[in-house]
Protein chains: 2
Amino acid sequence: MTPRRTALVAAAARLFAERGYHGTSMADLAEALGVQKGSLYSLTESKQALLVDVTRDGAAAFGRALDSVPDEAEPLERLRRALRAHLEVVAGQLHAATVFTREWRFLEEPELTAFRVERRRYEERWRALFREASERGALRSDLDVEAAVLLVLSAANWAYTWLRPGADTASLADRFFAILLDGVRGYAPPRS
Amino acid sequence: MTPRRTALVAAAARLFAERGYHGTSMADLAEALGVQKGSLYSLTESKQALLVDVTRDGAAAFGRALDSVPDEAEPLERLRRALRAHLEVVAGQLHAATVFTREWRFLEEPELTAFRVERRRYEERWRALFREASERGALRSDLDVEAAVLLVLSAANWAYTWLRPGADTASLADRFFAILLDGVRGYAPPRS
DNA sequence: CCTACCGATCGGTAGG
DNA sequence: CCTACCGATCGGTAGG
């Protein structure tokens, strides 16, 4: 990947995030790079190919985030680290994360199907983290694991709308996690 | 509002949700209604005006949802009812809710600013529900209320991506709420 | 509600 | 990387 192409993919990430895939023209991208529109086609074969590249960058970053969670840590600590890592990708690569979360649906086949498979794999990794925690007794025995996974993924997937790059992301993740752990209620929950 | 115009706004909600605002052409809308493109302009003055209508419908529905929460109920019950009502709007008016949540950013001024004001007002109503619960002693005294509001709004705002109209929405809302209340941890949380 | 049309812009290409 | 261009489509309008 040449520096020029890298710059083009970065510009695509930014503009697709800001204006949407269909709201961004090749002329917009050319202007962002300071070249004429026709010149872009020596760097990419199509606008769609740029969307493929940006969504792949996002998927790879989120995948690496979960890879960074240490296997040997305790189950709840692994969950906390996973949430931190996810939110750090959102804050650190906000444009790619935004396109990954919101613009992926404009992918064309076969990449559209491949994207869905990849995203499902990512969600399964989260489910596995919860199941592992459950089997090792770290979670309430009556926990609705599916709802818990959906809740944490909702927080993770919505974060691109409010998380700003300068924020103390680790601390924010921990604040979320604290509520996820113990809830909001003002007295000890009834034991089953 | 004539029946024909209502049908046009409904078609716009569906297509803007499915293909995005910029991914939907006036020709697409005409085809959905079975008329020629030029005929649409007796029903709306522009494509942008349709986006304004759909986002207003969404805002009104979410507003009515919070209105439906009984004032006299207990604080936690009010929160539970609010989450239910919000998710029922998402499931019951999925297209308008999707456009409200994802396509609003293509509004032009002055409606763009008005939308942001309205949405902030909605979020403030949620914050007020939490504050009320806190003041009445229904929440943990050490609760991070801001994080709690953000967590529940994340779940609410992400719901359009997975909630399907046929689902048992009330039950789903209660499953979320149960986790929000008591958390996922497998033992009683330490009291402060 | 239709036909016929407007100028502008779209993604992309050819040839240099 | 540029100029010049392609056919297709865009949102919107005029006149009926």
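All values below come from the heavy atoms of this structure, side chains included, with hydrogens, waters and symmetry mates left out. Letters go in sequence order (proteins before strands), and every chain restarts at 1.
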**Asked** Quick one: is A/Ser42 getting a side-chain N or O under 4.0 Å of the D/dC1 phosphate, OP1 or OP2?
**Response** no
**Message:** Quick check: on DNA chain C, is the nucleotide nearest B/Lys37 upstream (toward 5') of the one nearest A/Gly38, or the reverse? Name the residue that is more 5'.
**Reply:** B/Lys37
**Message:** Parallel, tilted or perpendicular: which one describes the rings of A/Phe100 and A/Phe62, with boundaries at 30° and 60°?
**Reply:** tilted
**Prompt:** Stepwise, does the salt bridge (charged side-chain N to carboxylate O under 4.0 Å, His left out) test hold for A/Arg127 with A/Glu146?
**Reply:** CA-CA 8 Å; A/Arg127 218 162 263 121; A/Glu146 278 311 303; 3.1 Å; yes
**Complete:** As its Watson-Crick or G-U partner within any shown strand, both distances under 3.5 Å, D/dA4 has C/dT13
**Item:** d(CG, B/Leu40; P, D/dG11) in whole Å
**Value:** 10 Å
**Prompt:** Quick one: A/Gln36 CD to C/dG11 P, roughly how many Å, whole number?
**Reply:** 15 Å
**Prompt:** Quick one: A/Asp28 CG to C/dG12 P, roughly how many Å, whole number?
**Reply:** 14 Å
**Prompt:** B/Val35 has a side chain; which of C/dG11, C/dC1, D/dC1 sits nearest to it?
**Reply:** C/dC1
**Item:** Nearest-neighbour nucleotide for the B/Ser25 side chain, D/dC10, C/dC2, C/dG11 considered
**Value:** D/dC10
**Prompt:** Is B/Thr24 touching bases, backbone alone, or none of the nucleic acid, heavy atoms closer than 4.0 Å?
**Reply:** sugar-phosphate
**Prompt:** Do the rings of A/Tyr122 and A/His86 sit parallel, tilted or perpendicular, given the 30° and 60° boundaries?
**Reply:** tilted
**Asked** In whole angstroms, how far is the P atom of D/dC10 from the CG atom of B/Leu50?
**Response** 15 Å
**Message:** Would you say the ring centers of A/Trp158 and A/Phe176 fall short of 6.0 Å from each other?
**Reply:** no
**Message:** Among D/dC2, D/dG12, C/dG12, which nucleotide has an atom closest to any side-chain atom of B/Tyr41?
**Reply:** D/dG12
**Request:** State, without any angle test, whether A/Ser25 and A/Asp28 hold a side-chain donor-acceptor pair at a distance under 3.5 Å.
**Result:** yes
**Prompt:** How close or far is atom P of D/dC10 from atom OH of B/Tyr21, stated in whole angstroms?
**Reply:** 13 Å
**Request:** Starting from P on D/dC2, measure out to CD on A/Glu31 and report it in whole angstrom.
**Result:** 13 Å
**Message:** How many whole angstroms separate atom NZ of A/Lys47 from atom C1' of C/dT9?
**Reply:** 12 Å
**Message:** Rounding to an integer number of Å, can you tell me how far A/Phe16 CZ sits from C/dG11 C1'?
**Reply:** 12 Å
